Amino acid sequence: MKLLPIITYLTIPLASAYWSSNLNYLSPSSHHPSLGISINRVAKRSNSGTSYDPAVLKFTHGVASGDPTATSVILWTRLSPITDAADNNGGSIGLEPLYWHGPKLTSTAPICAEWKVAKDSGMRNVVSRGKAYTSSDIDFTVKVEAKGLQPFTRYYYQFNICNSDVKSPLGRTKTAPEENDRVSRVRFAVYSCAFFTFGYFNAYGQSVRKDSVDYVLHLGDYIYEYGNSARGPQIGRKFKPDHEIFTLYEYRERYATYRTDEDLLLSHQNYPWISTWDDHEVADNTWRDGYSKLNNTENSFIIDDPVSFDQRKTNAVRAYFEWMPLRQVDMDDNLRIWRSTSFGKLVDLTVLDTRQYDRSITDVNYIHDYISSIANEVSRSQMGPRQEAWFFNQLSDSHKRGATWRLVGSQTMFSYTNLSSPFSDIEGGFFSDLALDTWQGYIASRNRTLHHLYSNNIGNNIFLAGDIHSNWVSDLVWLNSTNPNPDPATHPDYDPKTGKGSIGVEFVGTAVTSQGSVGWNGTLERGQKLADWSIKTNPSVQWVERYYRGYFELDFSHEVLKATYFGMKDISTRNSEEVELARFEVFNGENKVHRPVAGGKVAAGAIKPQL
Ligand SMILES: *[C@@H]1O[C@H](CO)[C@@H](O)[C@H](O)[C@H]1NC(C)=O
Ligand SMILES: *[C@@H]1O[C@H](CO)[C@@H](O)[C@H](O)[C@H]1NC(C)=O
Ligand SMILES: *[C@@H]1O[C@H](CO)[C@@H](O)[C@H](O)[C@H]1NC(C)=O
Ligand SMILES: *[C@@H]1O[C@H](CO)[C@@H](O)[C@H](O)[C@H]1NC(C)=O
Ligand SMILES: *[C@@H]1O[C@H](CO)[C@@H](O)[C@H](O)[C@H]1NC(C)=O
């Protein structure tokens, strides 16, 4: 018995190397280690807390991988005695929880997981392995970095409970090409806006079933913060919790609900993801200091919100980092998600945060006229000065090093867009006129971006966005007015017919399931009528489609980028029925949607009248 303290003493330091290998325990700031979960305190519970019989432990929500580099990738799983989220709402980022609510969680002993990465799906040729602990403090999530890998190589990975053969599902992943490799082909599937109770995430499963890409890019609205919708019960889907989410526990529960969708699980299991958030990972129409319900007020609390906006944002960010397979980008800035990755000399990807990080007041629905009156103010910023300076440097550096394509993942649409139409019976209701919640409400930010590209002769720019639940493909241009008229005669610097004056292409994708322009009972014909109008009223837009839910794929080579859009036939059940909507090409050096647009033929939506 007297040996016990000595054993304890020996056990903790030996174990500690494995503690820091779970990235979710770490402080978001390397200069402030105390902001992390107190590993020592968790480790002590090894000896005093309940230890779990491996029989009660489960890999509750599959596996995931993400943020690949040429030599490493992030691996994720959740190993827990409960499927439910861990409730330690006393903790904000970095603070050891002050109190505990949930059942069985008062003294969670840490749980040990082992992981392996192999070249073969039989897991025989193991090239990297490790061990990590998890506990209720981090909602039983496990997030590790597998290092020492070969570039642009497919790997398989699996977790197991330490000293047990209880295993997670087998995951598949892929590293990025080495920075200077003239790799000939890289492919991405691009997604945004998945409202769980509006439909099944069939779109996520499609790129897996076809095995058609190397990586998944997610532009945000991965979750929604709302309560249940009327549509949910009609299709057998229900949010947990069933009301709007505010606390850390609630955000965790929401991620846990999402990760029950089989097609979402399939995508995470088979592809490394590179993700960024949009507004709904926190709340509707967030900007730096608020969201829609706060209107443009100094309030941080409002009557029926149980926590302040700051605390809510902190909770949302923490749950996102716990559940998503992404790296902590900046060790002194836990809100930073904007980052870049190279895919050889072929593609330099820059992922932005045009929502949460540092953007000025947005159109929160009640103040459209006010935002409209200030949209052209020079002081307004979409990204904040720090991110913007970094972004412009990324574009210049990429150009200087001779990467063929610059791929920019924005949340919101960059191009000028007037979403409205005279058909009041068709509109889903939430998109009208100029979308001031996009770059259209931050004209100075857009001008500076375009100025940087034009004045430095940086070409081959491919911008991506989601957010507006419909499909838009545009020449990337600086329209010579804040209220452009489509008549090219008044726009000598851009010719919509030939694409002259354009400096790249923007691809905006529809939602995985979120409601679109024509509403749930809208028909293809109504979507078509709307598209026919929108193509006339938006000078740089070359194709618009406003009916389908879906996704798109990008296939890069040094000669040409091919983009293919897909629409899902029916999201009210789980199925794999899709329609190929349109195909586009962008040739190296052309800096515009190749004419004739979509080969002159699309399955739905409208293209600009061809020459
Ligand atoms: C939002 O604020 C504007 C003024 O800034 C006011 O006119 C409007 O009534 C407010 N709406 C709500 C719902 O609070
Ligand atoms: C947007 O288009 C509608 C017609 O669809 C038009 O009435 C409105 O004036 C346009 N808005 C702007 C700012 O051009
Ligand atoms: C942005 O550029 C347009 C077109 O040149 C111009 O009309 C507008 O005033 C500019 N706005 C700002 C804030 O730079
Ligand atoms: C706008 O068009 C005018 C007239 O063609 C031209 O002089 C001016 O340089 C253009 N401005 C921008 C920002 O492209
Ligand atoms: C759409 O159709 C469903 C099923 O027929 C119906 O329950 C619902 O009320 C309709 N919604 C609208 C907005 O018309």
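This structure is a prediction, so every number in the text was calculated from the model and none was measured. Values below: all heavy atoms of this structure, side chains included; hydrogens, waters and symmetry mates excluded. Start at 1 and go down the list; that is how both ligands and their atoms are numbered.
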Asks: Any Lys/Arg nitrogen of Arg312 or Glu244 sitting under 4.0 Å from an Asp/Glu carboxylate oxygen of the other?
Replies: yes
Asks: Ion pair present between Arg386 and Asp330, side-chain N to carboxylate O less than 4.0 angstrom?
Replies: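 Looking at Arg386 and Asp330, the cut-off is met.
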Asks: For Ser420, counting its heavy atoms only, list the atoms of ligand 2 lying under 4.0 Å from any of them.
Replies: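 Per the distance check, 1 (C), 2 (O), 3 (C), 4 (C), 5 (O).
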Asks: Go through ligand 3 atom by atom and flag the ones less than 4.0 Å from a non-hydrogen atom of Asn376.
Replies: 8 (C), 9 (O), 10 (C), 11 (N), 12 (C), 13 (C)
Asks: Tell me whether Asp358 is salt-bridged to Arg288, with the criterion being a basic N under 4.0 Å from an acidic carboxylate O.
Replies: yes
Asks: Does a side-chain N-to-carboxylate-O contact under 4.0 Å join Asp437 and Arg355?
Replies: yes
Asks: Can you find an N/O atom of Asn447 closer than 3.5 Å to an N/O atom of ligand 3?
Replies: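 Asn447 vs ligand 3: N/O contact under 3.5 Å present.
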Asks: With a 4.0 Å cut-off on heavy atoms, is Phe423 in contact with ligand 2?
Replies: no
Asks: For atom 6 (C) of ligand 1, grab the closest protein heavy atom and report residue, atom and distance to one decimal in Å.
Replies: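 Going by distance alone, atom 6 (C) of ligand 1 is nearest to Asn295 ND2, 4.2 Å.
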Asks: Find all atoms of ligand 2 within a distance of less than 4.0 Å from any non-hydrogen atom belonging to Asn418, and give their numbers and elements.
Replies: 1 (C), 2 (O), 3 (C), 8 (C), 10 (C), 11 (N), 12 (C), 14 (O)
Asks: Could you see which bit of Ile367 sits under 4.0 Å from ligand 1, with heavy atoms only: side chain, backbone, both or neither?
Replies: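 Near ligand 1, Ile367 shows its side chain, while the N, CA, C and O stay back.
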Asks: Taking NZ, NE, NH1 and NH2 as the nitrogens, is one of them in Glu322 or Arg318 under 4.0 Å from a carboxylate oxygen of the other?
Replies: yes
Asks: Please check atom 11 (N) of ligand 1 for a protein heavy-atom neighbour under 4.0 Å.
Replies: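 It does: a protein heavy atom is found less than 4.0 Å away from atom 11 (N) of ligand 1.
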Asks: In terms of the angle between their ring planes, are Phe552 and Tyr565 parallel, tilted or perpendicular, with boundaries placed at 30° and 60°?
Replies: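 Phe552 vs Tyr565 ring planes: parallel.
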Asks: Within ligand 2, which atoms have a heavy atom of Ser421 less than 4.0 Å away?
Replies: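 This gives 5 (O) as the contact atoms.
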Asks: Does Phe195 form a ring pair (Phe, Tyr, Trp, His ring centres under 6.0 Å) with Phe239? I'd like the steps, not just the answer.
Replies: CA-CA 10 Å; Phe195 203 112; Phe239 275 140; 5.6 Å; yes
Asks: Ligand 1 versus Asn296, non-hydrogen atoms closer than 4.0 Å: side chain, backbone, both, neither?
Replies: neither
Asks: Give the atoms of ligand 2, by number and element, whose distance to some non-hydrogen atom of Tyr416 is under 4.0 Å.
Replies: 14 (O)
Asks: If the cut-off is 4.0 Å to any non-hydrogen atom of Trp478, which atoms of ligand 3 fall inside it?
Replies: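 Under 4.0 Å from Trp478, ligand 3 has these atoms: 2 (O), 3 (C), 4 (C), 5 (O).
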Asks: Does a side-chain N-to-carboxylate-O contact under 4.0 Å join Arg595 and Asp475?
Replies: yes
